[in-house]
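Note on naming: letters A, B, ... go to the chains in the order of the sequence lines (proteins, then strands), and numbering restarts at 1 for each one. The structure presented is a predicted model; accordingly, all values stated were derived computationally and were not measured.
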Amino acid sequence: MLTYTIRRLLLAIPTLLFISLIIFLLVDFAPGSPMSQIPLTIPTEVRLKMIEALGANEPVYVRYLLWLKQFFWVEPLVMLDGIFGTNWSEGMQRIVSWQSRSPVMDIIWQRLPQTLTVVGSAYVVGVLIALPIGIYSAYRQYSWFDQVGTFFAMIGFSVPTFFTGVVLILVFSVNLGWFPSIYDTSLRVRDWDTFLLQVKQMAMPVAVLALYNAAQISRYMRSSMLENLGQDYVRTARAKGMPERVVVLKHVLRNSLIPVVTVIALGIPSIFGGAIITEQVFKVNGLGALLINAIQGSDLPMVQTLTFIFAVLIVLFNLIADILYGLLDPRIRYD
Amino acid sequence: MADGAAPVLDVRGLKTVFRTRGGEVHAVNSVSFHLNPGELLGVVGESGSGKSVTMMSLIGLLPSPPADVRAGSVMLGGRDLLKISAEELREVRGAKVGFVFQDPMTSLNPVFTVGDQIMEPLIRHMGMTKTQAKQRAAELLALVGIPDAAARLKSYPHQFSGGMRQRVMIAIALACDPDVLIADEPTTALDVTIQAQILELVKELRTKLGMAIVWITHDLGVIAGIADRVMVMYGGQVVEQAPVKELFSNPQHPYTRALLKTIPSLTGAREDRLQVIEGQPPILIGAPSACPFRARCVHAFARCEAENPERRAIDGRAVGQGHDVACHWSAGGGDV
Amino acid sequence: ERGSDGNVKILYSQAVSIMNAYLSGGTKDIEVGSLVLEPLAGYDSKGEIFPRLAAEIPTLANGGVSADQTSITWKLQPGILWADGTPFTSADVVFSYEYCTHPEGGCAQGAKYEGIASVEALDDLTVKVTFTGPKPNPYTAFVGATSPIIQKAQFEACIGAAAPTCTEANFAPIGTGPFRVTDFKVNDTVELEANPNYRHADKPKFATVSVKGGGDAAGAARAVMETGEFDYAWNTQINPELQAQMNAGGKGKFVSGFGTLVERIEMNMTDPSPSLPEGERSTTKHPHPILSDIRVRKALSMAIDRGLLVEVGYGEAGRVTCNLVPAPEAWASDNTDCVNQDMEGAKALLDEAGWTVGANGIREKDGVPLKLLYQTSVNPVRQDFQALVKSWWNELGVDVELKAVDAGVFFGGDPGSPDTFQKFYADVEMYANNFDGTDPEAYLSNYLCDKAPRPETQWQGENVNRFCDPAYDELVRTFAASTDPTERQGIAKKLNDMLTKDSYTIVPLVHRGRLSAHSNSLGGVDLNVWDTELWNVEDWHRVQ
Amino acid sequence: MTDTSVIEKPRNQWADVWAQFKTHKGAVIGLAVFIGLVFFVSLGPFIWTKDPTYINPNAAEMIKTRNKPPSWEFPLGTDQLGRDMLARMMKGGQVSIAVGMVAMSISILLGTLVGVMAGYFKRLDGPLMRLTDLFLALPLLPLLLVMVMLFRDPLARAMGPEGGTFLLIVFAIGVTSWMQAARIVRGEVLALKEREFVLAARSIGTPPRRMILRHILPNVVSPIMVSATLGIASAIITESALSFLGLGFPPDFPTWGRLLFDGVDYIQQYPERVMWPGIAISLTVLSVNYIGDGLRDALDPRIRGR
Amino acid sequence: MLDAAKSQAPLVQVRGLKMYFPIYTGLMRRHTGDVKAVDGVSFDIMPGETLGLVGESGCGKSTVGRALLRLYEITDGSVVINGTDVASLGPEDLRKARPQMQMVFQDPQASLNPRMTLADIIGEPLNEHTDWNADRKLARIYELMDAVGLNRRFANRFPHEFSGGQRQRIGIARALALNPRFIVCDEPIAALDVSIQAQVVNLLEDLQEKLGLTYLFISHDLSMVRHIADRVAVMYLGRIAELSPRDALYARPLHPYAEALLSAVPEPDPSRAQTRNRIVLQGDVPSPANPPKGCNFCTRCPKVMDLCRSVKPDLVEVEPGRMVACHLYSSDSMTAGSTGATEAKERSQQGESL
Ligand SMILES: Nc1ncnc2c1ncn2[C@@H]1O[C@H](COP(=O)(O)OP(=O)(O)OP(=O)(O)O)[C@@H](O)[C@H]1O
Ligand SMILES: Nc1ncnc2c1ncn2[C@@H]1O[C@H](COP(=O)(O)OP(=O)(O)OP(=O)(O)O)[C@@H](O)[C@H]1O
Ligand SMILES: [Mg+2]
Ligand SMILES: [Mg+2]
């Protein structure tokens, strides 16, 4: 297991380098310029000067190598400095956003909490809703519960979040006034009241995203359960006189969760990708908003770094999913 | 065996149908049998003859729908298992009746340790604590002949060979000292040498624990080796029933006869061609009104088409007690 | 009393990425930055200049501007303190100039300091700006929120190439304005509190300000007008129906103001045909086969019903205009020839030009169909405009193909992209533009022949329709030399007319206003379109 | 066993498939709805001949026809420019359904190709799965921007602006959404490869190409079917997001996704504006899902026999 | 048919066949060991003869069968079938050689593609190796179906619509399609019901007679092997333990493993079953990845000697026609000559024609 893990990690390095190169070139090649958001009143010469000051004129390979160095050497050093209070990274140039001129990593760290709270908890809520629905749908296959579940899952897939988001806002913020329509990122949970506020402002974005996630995961759960319910060991468990609860929730569930857990793990990187549209609708300003902002503003260092981190997460969680599979299923052995 | 003793298990007129799109499949049709204390009843019959369905109907293991246990009674310990509630039935399963299934590879849950799976019924039915159950589980494993039992409790099923897994299944079935052990083709998936091990084990356990056993198989050789009494099933019905020696020496039903002829012998004279039973097993859709074997029977005559034969004793004892057969021809209707 | 009104919440549908106007140029950054950093003078809501950090406005009359208009001397208000308690001096002013004009600094407001020979501190409270020549409008440097004064002590180490690395300073500059930053989250929120050293003891009324960014205009308007979560929302440009509905909600008000922003259609004077070799496409080498004829251009303009456009797209926040320079009044031409749609006249004009109606209702001439590609950026109102204009032009017998390009690409100016507005690989395109302050000189100079984007200039340049008229160039030179205000205004109107009603290279559609929203409980809002919208934030207060 | 007198005519497999399909109630309803939708969008314009992009050039008239509620003249009402919603729904449906189907086909094709290759050829497995990782990690927007920049004009020249855009969009969506299908198919193929009938085919000397076509592919239809169903929905939605970013069809060209997106602005005043496209998209997705369910069963001879 | 075999060279000649499945471990995926599924197996099969191959699960029977047909790339050794060394053929030559050697599989359900009709399945080899038109192919398919006793009406049905025995007939028809000379039957009856096993075995015998086929009949049903095979090879853990003429083996097994195996077969006669003296082997088969150092059977052998634990016995002829790999007989092995082997073969073949 350990050697397998290490081996996969080592193999991931060339893969990631290649991915980083592709991402870098692709993002670089895309049309658009960091000056697009500046009003047209600013004359051309000034624009050109600004671009020059950003270093955007350097040849692409120079920027790529610089970026590699910054990403793999400078930023880790900065992080170490942050932890141990050392100053190894002093004087080194970090990856700087073209839009805000501040280190990209700092912004990402700043954004991470709200993304994790909103998108993360939406994922958790989605999973928590999806599992029981999937389990029960499978256990009572073709019952009305199952049919209704299927129906809603399909609706969940087919209705875009920009629509559900706006509907929720209209109903719950405008008409009922229960929840705020705008997410306050500077809210600090200190006491019960602020906690309530936090819950309130999370309610709608979480609901929108959770609906979508739940729709998907409940389908996986259902089919996995169906598969396992037909297995011989279920009959064995029943023959032992185990109550249905134990049969389904212990024996079948444990087996069914193996593939589902890996599906869930594979979905985790998407949390870090944020939820572009939902974040925009509720103004959560998480990583998704950061990315879309950066893309629209052609903030290349930001886009490159974000997407590369995303790629790292994908590769990493692929690996984690595989390892999880091995851990959960005693039959699988990696060596 | 002890004819006078009250049977531990008494099944009468059991009927099980499956509702399918093509119609109702009458998988078990008026099956009656009993099981005396300490007796080993062998059940033979070809694939699809209803052996497994019969046994699973007894303790409500069939999924419903599509299965529907229509009629009959299953008396065990003075209660009719078909009448009691689902909860009560669960108390019977595993505690009073142990079940061993055919495929040891898939019948154990792959993600729980062998120990966990043996301990489960102990905790549920015997009210043991975890530590007690663990100790008992180790004893059981040792009982079924797995060396270093205590340590192997922590193993997962896939770490065991097929034979060992079947031993584990037996250990589970035996865990709560059941009155009846139902073994559904427990050695079919195993190699001959392993099968021999298991058969030895069961013989030994029988003498040690003295429980009654139903042993399903389609290998007449196995039956010959261990059974006291044999029941032959065909097309969802019991077609012949007799003490083992009687059945082999004096088979009555044409199916039983044919069956005995199809197996090549290991020791006897080698025949040039094997005997075959031509034709296909019956499709059990619709309530049976004729003898299920008539299409393949070399002795079939008009009555077989018209009427489903009743079981009938041929040695003067009551049906089920001695040798009985369900056939018009052997009753003397045909070639006499 | 300072801080008595608690917290005010402001919503910007574009989030703030930096507080230092010199490094961004984005309107949202400049405006929010103006809560902290101030210039020497600003414009009020009527477009009139008034002193902020300066003691008074230097003029020819008071001698602050030299008679030959080559220098201006600013007197600073005495006793002003930075938020950190240190005194504000002329050194800071000089430093701000140096900061922005450093060649490696990439200052976004470089244009503000153009034509300056030197800036020197005569004493602690006097700054003299010397120009390279006579400057009719000397109020560029240090005037308006786009050229604020930054603190020398804070930014000294951040000059030139180091400018972007001073994250701390760029996010939380020390200023003289009514508020100071307490927390800054890039592209998200800015938290500010009242500046204890603000020069007016009783201001600002609010103790804290929260500026939230992100989302869309409709959501922003809703947060003020319907849910009441925010007190002020910037640039809530939404469709008129929705405006009306939200107004009815009664929680807040829309406020609008008209600056110089004009939505217009630009006619491509050069041939954008893709069959031309790359490098010659949309260059002056090949005049446009259809649009070179002024009659076609005029007909296209005549077919448009601008009143309807305003009604559909902007409602209260738009006016019909035929001018490129619609304001200030003194500078705006009285040209109204385009106000009424004249479909028949347009048709006649096209007939006259030889474009006759062909088989399927599309006009053609010498077998060439009258077909135009009409591009703009992605924006719901613009897409509605496209559809409407298309329907009129279709009526005229013109075949129109529409195209909408992502704003980031359209305005990005990336020479590699075929879709930038400067490259103009289309026949007509629509966008809006305006000018800073009140003097249109630089704006009108954009249409000089040599400002046409072309391969040699990496497709940069403001003269996107490649208008080229030697008479216009000549007049622009006169304009630059002229110092008399009335004469200048006359020339500006002439130039405006040359571009619009005389040539129809630019077809103005709508004079667009700013539309912002504030809650009923927020008092003191006075929408300013000549400077930052938050220009008088220190006077904002809570009304009960 | 020996009566060879009556030789059954070769049965038409598709008749069997249809017979089984018919027994699946949901699938039949789904098919009816889907066919209804297809008729609605394809034949509808011949009956309801209003031009979906027609705006009354007469301003006074046009003002009067703006934002109309449903009426006999405009059965689904009009939009903010007085365009007939019914005509727009039909026109938009043509594009959306076509985009959904074609983009889904491309993504399924690619996904199946990669999945089968990776699963069947051990040597290709590593590289192809890394490629899948790469595509999963690729930022969609810059990718699209690059594709549009590179290919829109040449394509538009070759096929007209709408045809070119269509091709570009379906290709873009297809190319960025095949990864899930590839993973699933690969897993299936790995399992199928171990089945004895594959070995049997090998002992006959079946070359890999035919092995894949005849033995592997038919046996992976059911997972493919599932991802296909989901693919249509996401393709329709993605298309709307693309037009929103200016990467889609010309702006006056309606699609359901776009109508839905535009309608959201007017949701408070004219909620029916979002309902029409919303219902249409959901109906399409639901019906396709049920059809997929039915087809999966009908295509499986094992289920069909029952 | 049997008389002809006398003078003929063997149809199948296997020498030192080894089939190792490599195990890769560690960071660099280094080749650290092998699953020695088949570890040096040699035997001949004469034309028209049936060689039975028996042994416990996992002992390498299927692997031998598959390696013979070059479904695996073998590790070492040679497999000469009808004069060509199958083990070293190039892809195209191999394809050409395929028609003469075919296989019938254990699981009739799994070996038929569930999405192909019977006609497709039987016709597939014809598609691969002939360029006949559809009619001719159909004629051949019907012919084959007749030969294996399938009703022609079934041609358009799918495998799941058949019973196990019928499915196995389909598998046999497919194997026969190209007129092979040699068929590997890999447990063709293991998954079938007793009453149907007999049908299939009879069919195989009939076909052998009619078409002069040569079989390698893999099974663990010793009584069925006794019925069908001329000679029987008993395998244990990748090696042949004993290779003897059928009657001799069943009358008096020489290798202790063969002996145990035979005694473990249940006797379908209650009177004899009760009295039979069973040798019950203890424990399980060792892993083929890590076989014992000496004789593979030494861990379970009731007659194990010290020598067995250190030296692997070779397969040598200890009696005419009987080859055993066991140290118990090593002293005799010196005297047995090659002539004895042929003698034995004659005897066994005569014995069969009883
Ligand atoms: N779920 C089901 N639905 C419909 N018919 C069923 C179902 N389960 C079993 N049957 C039918 O019931 C009959 C009896 O099956 P059963 O499993 O008892 O046979 P068996 O004698 O145990 O055979 P085997 O030796 O193969 O285990 C068969 O004809 C089978 O087709
Ligand atoms: N592809 C493979 N990779 C690794 N090991 C294999 C492979 N195929 C077979 N083996 C191993 O080779 C050994 C022999 O397998 P084989 O299938 O030949 O046994 P068998 O005698 O046919 O058994 P059975 O009676 O169960 O069919 C087994 O231990 C098996 O695990
Ligand atoms: Mg059974
Ligand atoms: Mg095998």
Side-chain angles (χ1 to χ4, degrees), chain A residues 11-12 14-16 18-20 22-23 25-32 147 150-151 153-163 165-167 169-170 174-175 215-216 219 223 259 266 269-270 273 276-277 281 291-292 295-296 298 300 303-304 306-315 318, chain D residues 26 126-127 129-150 179-180 183 187 223 226 229-234 236-238 240-241 244-245 257 260-261 263-265 267-268 271 274-275 277-290 293:
Chain A
L11 270 183
T15 310
L16 281 174
F18 180 69
I19 292 181
S20 79
I22 298 287
I23 289 177
L25 291 179
L26 186 76
V27 171
D28 203 84
F29 197 46
Q147 308 276 9
T150 307
F151 188 80
M154 285 298 123
I155 299 280
F157 283 131
S158 60
V159 178
T161 44
F162 63 73
F163 176 66
V166 172
V167 170
I169 286 183
L170 287 181
V174 176
N175 288 338
Q216 221 159 356
R219 295 286 89 191
S223 68
L266 287 176
S270 70
I276 290 177
I277 293 174
V281 170
L291 179 65
I292 191 76
I295 288 175
Q296 283 169 344
S298 290
L300 304 196
V303 179
Q304 282 152 349
L306 271 176
T307 41
F308 184 63
I309 290 178
F310 193 52
V312 172
L313 287 172
I314 285 176
V315 173
N318 261 328
Chain D
M129 284 342 272
R130 297 295 84 76
L131 183 78
T132 313
D133 281 354
L134 169 67
F135 268 85
L136 277 172
L138 275 191
L140 181 62
L141 267 164
L143 180 74
L144 282 169
L145 285 167
V146 169
M147 280 177 57
V148 168
M149 180 176 83
L150 291 181
M179 292 79 76
Q180 198 67 19
R183 281 167 161 285
V226 176
T229 332
L230 303 182
I232 290 189
S234 59
I236 292 179
I237 303 293
T238 312
S240 73
F244 166 57
L245 294 167
L260 181 63
F261 192 85
V264 169
D265 279 350
I267 187 169
Q268 274 168 290
V274 281
M275 272 165 50
I279 290 175
I281 295 177
S282 299
L283 265 185
T284 312
V285 173
L286 271 173
S287 61
V288 168
N289 178 55
Y290 281 109
D293 258 11

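Across every non-hydrogen atom of D:L134 and A:F18, the tightest pair is CD2-CE2, 4.1 Å.
At a 4.5 Å heavy-atom cutoff, A:L16 makes no contact with chain D through either its backbone or its side chain. Proximity to chain D (any heavy atom under 4.5 Å) is shown, for A:F308, by neither the backbone nor the side chain. Of the two parts of A:T307, the backbone and the side chain both hold a non-hydrogen atom closer than 4.5 Å to a non-hydrogen atom of chain D. Looking at A:L26, the atoms closer than 4.5 Å to chain D (heavy atoms on both sides) sit in the backbone and in the side chain alike. Looking at A:L170, only its side chain comes within 4.5 Å of chain D, counting heavy atoms on both sides. The part of A:V174 that comes within reach of chain D is its side chain, from C-beta onward, which places non-hydrogen atoms under 4.5 angstrom from that chain.
Counting only residues at least two apart or in different chains, salt bridge (Lys or Arg N to Asp or Glu O under 4.0 Å) contacts with residues 133-150 of chain D comprise D:R130-D:D133.
With chain A as the partner, the residue from D:T284, D:I281, D:L286 showing the most heavy-atom pairs under 4.5 Å is D:L286.
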Take A:N318 and D:M129, measure what side chain to side chain contact (heavy atoms under 4.5 Å, CB included) needs, and give me the verdict at the end. CA-CA 10 Å; A:N318 261 328; D:M129 284 342 272; over 6 Å; no
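With sequence neighbours left out, the side-chain contact (heavy atoms from CB on, under 4.5 Å) criterion links A:A215 to A:A153.
Atom CG in D:L131 sits 9.0 Å away from atom CD1 in A:I19 (nearest 0.5 Å). Between atom CG of residue A:N175 and atom CD of residue D:Q268 there is a gap of 7.5 Å, rounded to the nearest 0.5 Å.
For the pair D:M179 and A:I314, the minimum side-chain heavy-atom distance is 4.5 Å or more.
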